[in-house]
Amino acid sequence: MRQTIACLALIATGFVLASCQSSPKSAPVPSGKSASLLAMEQVAIAAHKCWIASKDPAFKSYQMANELNSFSGTPRFLLVPAKHYGGKPLLVVQAKGNSSRVDVFGPLMAEPLGARIGSDIARWQAGNPSCTAAA
């Protein structure tokens, strides 16, 4: 009888000790955002800050139209004429599906400003949010 009581006491002690231990750390909960959306958010935030909000003279005749929450799996933003918001996009910056590759195209890429746009987008996509390239 004493052995049974001692055995039950040990089992009960084990349960008590187990319940006092902290629960195991769980993995971070994924945001549910695709790689393309994460990449485009990073690029769009930097583009707005550096081109539009800063009132950069090179971009004063354009405004930005965000389409990041696209249900087509192609988050993007557009640069359109500032005085004609519904006008034809002059620049499209987008990523597709679950790829973090950002594509840039449109008439502005053939202009002198195209080289700067390309280098800015590449820098922001690489994770550097600065408005100018490092010297």
Side-chain angles (χ1 to χ4, degrees):
M1 178 82 163
R2 279 186 182 209
Q3 279 185 329
T4 305
I5 293 174
C7 186
L8 289 174
L10 279 173
I11 291 172
T13 303
F15 282 127
V16 169
L17 288 175
S19 69
C20 291
Q21 293 179 353
S22 65
S23 60
K25 302 277 185 220
S26 60
V29 177
S31 68
K33 294 180 180 178
S34 68
S36 60
L37 180 57
L38 291 171
M40 282 306 302
E41 284 178 338
Q42 182 172 299
V43 170
I45 289 168
H48 184 268
K49 175 184 81 169
C50 298
W51 294 346
I52 308 300
S54 71
K55 300 194 186 301
D56 184 320
F59 292 91
K60 73 177 180 177
S61 32
Y62 310 107
Q63 59 181 319
M64 198 168 161
N66 272 323
E67 297 178 353
L68 295 180
N69 40 344
S70 162
F71 295 108
S72 68
T74 307
R76 67 184 186 171
F77 71 83
L78 314 170
L79 282 189
V80 296
K83 294 185 177 7
H84 189 50
Y85 189 76
K88 180 180 172 185
L90 301 171
L91 180 73
V92 179
V93 181
Q94 69 181 22
K96 290 185 180 181
N98 204 24
S99 171
S100 60
R101 190 181 105 225
V102 175
D103 296 319
V104 184
F105 56 92
L108 274 180
M109 293 306 290
E111 300 291 324
L113 191 54
R116 176 176 167 201
I117 290 170
S119 66
D120 284 350
I121 298 292
R123 181 175 60 257
W124 299 331
Q125 184 181 1
N128 180 348
S130 79
C131 293
T132 57

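Atoms CG and CE, from Leu78 and Met64 in turn, are 9.0 Å apart once rounded to the nearest 0.5 Å. Distance check, rounded to the nearest 0.5 Å: NZ of Lys96 to OG of Ser34 gives 13.5 Å.
Contact detail for Met109 and Ile117: the closest heavy-atom pair is SD-CG2, 3.6 Å. Summarising the geometry of Val104 relative to Leu91, their closest heavy-atom pair is CG1-CD1, 3.6 Å, with the distance given to 0.1 Å. Contact detail for Gly87 and Val80: the closest heavy-atom pair is O-CG1, 4.0 Å. Between Lys88 and Pro81 the shortest heavy-atom distance is O-CD, 3.7 Å. Annotation for Arg101 and Gln125: closest pair CA-NE2, 3.4 Å, computed over non-hydrogen atoms. Across all their heavy atoms, Leu68 and Pro75 have their closest contact at O-CB, 3.3 Å.
Side-chain atoms of Val102 and Gln94, non-hydrogen and from C-beta on, never get closer than 4.5 Å to each other. With contacts defined as side-chain heavy-atom distances shorter than 4.5 Å, the pair Phe77/Met40 qualifies.
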Counting only pairs under 3.5 Å, give me each side-chain donor-acceptor contact of residues 45-53, with atom names and distances, residues two or more places apart or in other chains.
| unit_1 | atom_1 | unit_2 | atom_2 | d |
| --- | --- | --- | --- | --- |
| Lys49 | NZ | Pro129 | O | 3.1 |
| Trp51 | NE1 | Asp120 | OD2 | 2.9 |

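Donor-acceptor pairing under 3.5 Å is lacking for the side chains of Asp56 and Ser54.
No side-chain donor-acceptor contact under 3.5 Å links Arg76 to the backbone of Val92.
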